[in-house]
Amino acid sequence: MTDPKPDEVRTDAVPESDRPGPGGEDSVMALHRAAMDVMNDPVTLSAEGTPDEDEAAPGGQDTVQRMQDILMREQAEPRDGFEPVPFWVAVVCGGLLLWGGYYLGTNSADFRADVDDTSEFRLGDDLRLPAGGPAAPDPELKTVAEYVKVGAEVYRRVCVACHKPDGNGDPSQNYPPLNGSEWVAGAEASPARQARIVLYGLHQPIAVKGRQFNGQMPAQGGVMKDYEIAAAITFARNSWDNKADPNDANPAVTTAAVKAAREKAGKRDQMTAAELQKLPTDYSDLPPAANAPKADGAPPAKAETGPKG
Ligand code: HEC
């Protein structure tokens, strides 16, 4: 206790007549009143809010104890600035604030109108399907020129790494040439064989332009669509020194031919040159109807390509 003026309890705050007698009901009441007076008087309030024990308790141990209880209870009242928020509440609130800020920050998209607007269409919208988007259907290629145009892009994307921009391959790396190759535009070429080379890849020895190659061409059937394969082959057949499709209206290797080869051969490992040669060059995966003369009177598209023998 640090009350420096214990005397005030008796002399100032408690009138003479109210001084508690020794013990009994009266003294308790008087004590109580004295205590209340002390507590209501800010001047006499000690640091802990209680008068010194021995000064205010002439009524014996019991009374003192009850006094203490009362005073302690009063003291327990919350006071401004002395009841901090429980730590866990602060943590939870802080966490929620942080999360909320993070969520807003990452999902607001700078509150741009074109992001926030949830209405389906707005004036001036271009409602056409995006070109080349996932919903765009495969292009229906018809003429050699159309295949070559698409094929040039596919060749640059897929084949050029090995067969090179000039189509001459890289013999030191076992990459055979497509330019002037009999498998592309010559005696060994056919839509059924060429479709299989690209669909399933090729390994083991193969002779190209009088030279033996023994490399690894990976299968492309999983990553390339039928029209892309037909386009890449048709591009190779009609580029550099190759002129395999003189009739622009009737490309030999079509999307339909690649599709038919894929369906016939199913799932399988890399091809070998020996396996390819078991397919006669006039063999076609396409049904005969596909080779019927066109309505415009053009000659039928032949299954085999290039000069034989
Ligand atoms: C990773 C390298 C690589 C890529 C990519 C590649 N090839 Fe090949 N290609 C080869 C190799 C190696 C061979 C020879 C395989 C062997 O020795 O059996 C070959 C052989 C061929 C042949 C038969 C032999 C010849 O020279 O005529 C053709 C046709 C062919 N590739 C076309 C293509 C086309 C079309 C593409 C693109 C769609 C393509 N290749 C992509 C490596 C590749």
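We count ligands from 1, going down the list as the structure has it; atoms in each ligand are counted the same way.
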Legend entry - Environment of atom 8 (Fe) of ligand 1 in terms of protein N/O/S atoms, cut-off under 2.8 Å: His163 NE2, Met217 SD

Legend entry - Heavy atoms of other groups near Asp138 CG, more than 12 under 6.0 Å: yes

Inset, instruction - Could you list the atoms of ligand 1 found under 4.0 angstrom from a heavy atom of Asn174? - result: 12 (C)

Inset, instruction - First locate atom CG of Leu178, then atom CD1 of Ile197, and finally report the distance between them rounded to the nearest 0.5 Å. - result: 9.0 Å

Legend entry - His203: numbered ligand 1 atoms lying under 4.0 Å from its heavy atoms: 18 (O)

Legend entry - ring pair (Phe, Tyr, Trp, His ring centres under 6.0 Å) partners of residues 179-234, not counting sequence neighbours, each pair once: none

Inset, instruction - Please could you name the atoms of ligand 1 that Gln216 approaches to less than 4.0 Å, counting only its heavy atoms? - result: 12 (C)

Legend entry - Gln204: numbered ligand 1 atoms lying under 4.0 Å from its heavy atoms: 16 (C), 17 (O), 18 (O)

Legend entry - Asn214: numbered ligand 1 atoms lying under 4.0 Å from its heavy atoms: 17 (O)

Legend entry - Atom indices of ligand 1, in the order listed, that fall short of 4.0 Å to a heavy atom of Phe213: 17 (O)

Inset, instruction - Establish, from distance only, whether the side-chain atoms of Gln270 and Gln204 form a donor-acceptor pair under 3.5 Å. - result: no

Legend entry - Per-atom contacts of ligand 1 with Trp183, taking only distances under 4.0 Å to non-hydrogen atoms: 27 (O)

Legend entry - Expected output: side-chain Asp166 to main-chain Asn168 donor-acceptor under 3.5 Å: yes

Inset, instruction - Indicate yes or no for a side-chain donor-acceptor contact from Asp248 to the backbone of Ala145 under 3.5 Å, with no hydrogens or angles considered. - result: yes

